S.K.: 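Just dropping this structure here.
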Amino acid sequence: MRPLYFDYASTTPVDGPVAEKMMAYLTRDGEFGNPASRSHILGWMAEEAVEDARNEVADLIQADSREIVWTSGATEANNLAIKGVAESYAPAECHLITSATEHKAVLDPCNYLHAKGYPLSILKPDADGVISVQAVAAAITEHTRLVSIMAVNNETGVCNPIAEIGALCAAQGIFFHVDAAQAIGKMPLDVDSAQISLLSMSAHKFYGPKGIGALYVRRRSPLDLVAQIHGGGHERGMRSGTLPTHQIVGIGAAAKILNAGFAEEAERISRLRDRLLNALVELGDVTINGGAAPRVPGHLNVCFHGVDGEALMLAVRNLALSTGSACTSASIEPSFVLKAMGLSDQAAHSSLRLSLGRFSTEADVDSAILSLTEAVNSLRTSASRNKRHQS
Ligand SMILES: *Cc1c(COP(=O)(O)O)cnc(C)c1O
């Protein structure tokens, strides 16, 4: 039996109408042309589809379509943003600031640059996982060129004060990059009012296909992004490679659905999340990681004290969920995000992430409540029985 899906933060299914639209750009009877082909109608049709999608994606963040660069996803967008800015300076002249709760797709490029001589500050979050504007301000030096802070954390759903950090960076002439992979479709985003220079997104986090994303690159800015992939000069030289029309049509269609409004969806998901949260808190000896901070609707990161997260996950095989994040769950290390928030190894190991989305139902939530209640109670009972045996 397929498990009930509670892992929307790691990826989402492609929405039906999105997949259907993509199908029309693949086969011989469809618009399979190369968008760069200028000499015939198949190329023009593909190019038109790509530009329609670019408009939809720009509208998601109140940007201009000329500010959207297609990438293979948020990992590539983050790499292009961070290395692209850094490599336009000599290492010693380019201090980078990021945070300990970023996705590896931000931390790894930053650490890579640091090994090449770029000074790097990695900010600690507060106990709820928030990076304060004061922490950013305190880290700025005369050589700071780039601040990279995520909009929403993938493990906890906690929101950072992006607009305040943007204002601080703008006032000091520092470029501001935002990894918004977890924010798109969950909160309003406006690159102008938040004074963002660069923003990364990924279609598979908002009901589009995997393998396509975008980097927003502010126009009329001193940004001089160094390309990371060289070739045919596509995307104004910033990212070469034949554009994958069907993938781009997919991200465009997913964006269009969100542009029609997602407030109601967010409200519904928020109610489901709170139904789940309230029932789990009833179990007692439970804390919500990041619970006191502003959070997006679908995320719930719960610490079941005295219960091993791995054992709990195995006990609820009818649920697809995640310990920490999927990207770190290949190893059995405690989540570095939860650790940075000050959780002990034990508390981090006792935490699970449940994330809800567009296709979550009340029935799913009620099944999850039942399974988790049973599993937590039984694991706690056997744990206390074992303790009694030992003493
Ligand atoms: C999923 C995710 C990424 C990686 O995106 P891909 O498109 O899968 O490369 C980066 N950052 C955050 C915050 C994410 O949630």
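FYI, side chains are in, hydrogens and waters are out, and symmetry mates aren't considered; it's all heavy atoms of this structure. We count residues from 1, following the sequence as given. One-based numbering, in listed order, for ligands and for the atoms of each. Not measured: the values here are computed from a predicted model.
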S.K.: Supply the atom-to-atom distance His246 NE2 to Ile251 CD1, rounded to the nearest 0.5 angstrom.
M.R.: 12.5 Å

S.K.: Could Lys83 and Tyr118 be counted as a cation-pi pair, given that NZ or CZ must be under 6.0 Å from the ring centre and within 45° of the axis?
M.R.: no

S.K.: Look at atom CD of Gln62 and say whether more than 12 heavy atoms of other residues, nucleotides or ligands are closer to it than 6.0 Å.
M.R.: yes

S.K.: Can you list everything that forms a ring pair (Phe, Tyr, Trp, His ring centres under 6.0 Å) with Phe359? Sequence neighbours excluded, please.
M.R.: Tyr207

S.K.: Would you check ligand 1 and list the protein residues that come within less than 4.0 Å of it by any heavy atom, ordered by chain and number?
M.R.: Gly73, Ala74, Thr75, His103, Met150, Asn154, Asp179, Ala181, Gln182, Ser202, His204, Lys205

S.K.: Between atom SG of Cys169 and atom NE2 of His177, what is the distance when rounded to the nearest 0.5 Å?
M.R.: 12.5 Å

S.K.: Would you name the heavy atoms of Met22 and Gln247 that are closest together and state the gap between them?
M.R.: CE-OE1, 3.3 Å

